[in-house]
Amino acid sequence: MRDRIFASALRHFSWKGYTATSLRDICTDAETTKPMVYYYFGSKEQLYSAIVREILEDMAASIRGTSRSKAGRGGSHRLL
């Protein structure tokens with residue numbers, strides 16, 4: 001469920017931006033409920049921060065010449 005929410009939020013934030021994306025949009029797309037978003041991420045802002053953090057970690061790993069899986073982080077999302 002966490003991965004579906006993450007992927008849905010990434011799509012919506014990418015398409016519409018943070019402000020124009022509602023939790024309702026994310027939940028409908030991910031086929032889940034707002035309480036599940038709050039359970040996994042705490043808030044819309046924390047969900048956005050998790051996405052940005054993962055993108056930055058992927059970029060840093062790329063710069064270092066290592067993948068997230070080689071670094072032991074095991075990220076399951078292809079962001080870039």
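- Phe6 contributes atom CZ, which lies 6.5 Å from atom CZ of Phe41 (distance to the nearest 0.5 angstrom).
- With rounding to the nearest 0.5 Å, the separation of CD1 in Ile26 from CZ in Arg4 is 14.0 Å.
- Separation of atoms OG (Ser14) and CD1 (Ile51) is listed at 7.5 Å; rounding is to 0.5 Å.
- Atoms CE and OG1, on Met36 and Thr33 in that order, are 6.0 Å from each other to the nearest 0.5 Å.
- Here Met1 contributes atom CE and Glu31 contributes atom CD; the two are 8.5 Å apart, rounded to the nearest 0.5 Å.
- For Tyr18, the OH atom is densely surrounded, since the number of other residues' heavy atoms within 6.0 Å is greater than 12.
- Here Thr32 contributes atom OG1 and Ile5 contributes atom CD1; the two are 4.5 Å apart, rounded to the nearest 0.5 Å.
- Taking all atoms of both residues into account, the shortest heavy-atom contact from Asp25 to His12 is O-NE2, 3.6 Å.
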Worked verdict on Phe13 versus Lys44 for side-chain contact (heavy atoms from CB on, under 4.5 Å): CA-CA 11 Å; Phe13 291 143; Lys44 178 182 167 184; 4.0 Å; yes

